[in-house]
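As the structure is a prediction and not an experimental result, all values here were calculated from the model.
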Amino acid sequence: MKNVTQSFVFLAHWPFAGSFGLNTDILATNLINLTVVVGVLIFFGKGVCANLLDNRKQRILSTIRNSEELRRGTLEQLEKARIRLQKVELEADEYRMNGYSEIEREKENLINATSISLEQLETSKNETLYFEKQRAMNQVRQRVFQQAIQGALGTLNSCLNTELHFRTIRANIGILGAIESKR
């Protein structure tokens, strides 16, 4: 500590320019050198440092502004995407409901069409059965009639002689003629 105090006292009694000497006091020499270097640095480096700091500050501020603009743009895009998503979800729900309604309508239409087709097939089946029954009955009637006529002719032929046969024919022709003349 005593050495530091002496160095300041020594600075106060600095010899004039007439003598040049070597200062061997390390503490006094370093302190002077440091003071000079720091002074020069502050004087000349102040502008450079200030410019560097201002440039850095401007870049940081512009980066922050750009980030804020990007964030705002991203938030707007996110909001638009959310709105679009809600619209798409509503449309999907609407299509789903319309699809279900359409499926139900098609199902009912198909059931109705099938029911009508079944009724038509049933009616057609019943008509076919009726006509087949009528045809079968007509065939049976014709056979019975043919057999009856053949039996009657056979009986008549076996029972009647030629003379009786001619008289019956003439009587029938007379009856038919009388019926014909009335018309």
Side-chain angles (χ1 to χ4, degrees), residues 41 45-183:
L41 283 176
K46 183 166 101 173
V48 173
C49 287
N51 284 341
L52 288 174
L53 289 174
D54 282 342
N55 289 340
R56 181 71 179 146
K57 179 181 174 184
Q58 292 303 322
R59 281 193 308 238
I60 289 172
L61 288 175
S62 68
T63 304
I64 289 172
R65 272 189 239 109
N66 289 340
S67 297
E68 284 295 319
E69 289 175 9
L70 287 174
R71 185 180 75 79
R72 270 188 248 115
T74 305
L75 288 176
E76 288 173 3
Q77 288 177 351
L78 177 63
E79 190 60 32
K80 288 178 183 177
R82 282 183 183 154
I83 291 170
R84 220 174 316 127
L85 176 64
Q86 288 175 348
K87 286 181 183 177
V88 168
E89 285 175 346
L90 289 175
E91 287 177 6
D93 289 341
E94 185 177 319
Y95 285 135
R96 193 177 306 119
M97 293 308 292
N98 288 343
Y100 290 148
S101 299
E102 186 67 25
I103 288 171
E104 287 298 319
R105 274 194 302 263
E106 288 297 323
K107 180 179 155 185
E108 289 175 13
N109 290 343
L110 183 61
I111 289 171
N112 290 340
T114 305
S115 175
I116 291 170
S117 294
L118 286 175
E119 289 174 4
Q120 289 174 346
L121 285 173
E122 185 70 26
T123 303
S124 175
K125 179 191 79 165
N126 290 338
E127 288 175 356
T128 303
L129 286 175
Y130 176 77
F131 289 131
E132 287 297 319
K133 182 179 174 184
Q134 290 297 325
R135 193 178 87 194
M137 287 173 61
N138 286 338
Q139 285 176 351
V140 168
R141 280 186 198 136
Q142 283 178 353
R143 248 190 197 172
V144 168
F145 184 69
Q146 283 176 353
Q147 287 175 357
I149 287 180
Q150 285 175 357
L153 282 177
T155 306
L156 281 177
N157 283 337
S158 64
C159 292
L160 292 179
N161 59 19
T162 317
E163 178 61 34
L164 190 58
H165 187 69
F166 281 128
R167 273 194 316 194
T168 308
I169 290 176
R170 274 190 228 127
N172 286 335
I173 290 174
I175 294 172
L176 286 174
I179 294 174
E180 211 36 58
S181 61
K182 286 184 181 180
R183 280 190 187 174

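- The structure places CD1 of I111 at 11.5 Å from CG of L118, a figure rounded to the nearest 0.5 Å.
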*Can I60 and R56 be said to form a side chain to side chain contact (heavy atoms under 4.5 Å, CB included), step by step?*
CA-CA 6 Å; I60 289 172; R56 181 71 179 146; 3.9 Å; yes

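- Separation of atoms CD (Q146) and CD1 (I149) is listed at 7.5 Å; rounding is to 0.5 Å.
- Taken to the nearest 0.5 Å, the CG atom of N172 stands 12.0 Å off from the CZ atom of R170.
- Taking CG of L121 as the reference point, atom OG1 of T114 lies at 10.5 Å (rounded to 0.5 Å).
- Side-chain polar atoms of N138 and R135 form no donor-acceptor pair below 3.5 angstrom.
- The structure places CD1 of I169 at 11.5 Å from CG of L176, a figure rounded to the nearest 0.5 Å.
- For S67 (side chain) and T63 (main-chain N/O), a donor-acceptor pair under 3.5 Å exists by modelled atom type.
- Ion pairing between K125 and E122 holds under the 4.0 Å rule for side-chain N and carboxylate O.
- If you take CG on N98 and CG on D93, they are separated by 11.0 Å, rounding to the nearest 0.5 Å.
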*Passes side chain to side chain contact (heavy atoms under 4.5 Å, CB included), E69 versus R72? Steps please.*
CA-CA 5 Å; E69 289 175 9; R72 270 188 248 115; 3.9 Å; yes

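- Look at R105 and E108 and you find no salt bridge, because none of the NZ, NE, NH1 or NH2 atoms lies under 4.0 Å from a carboxylate O.
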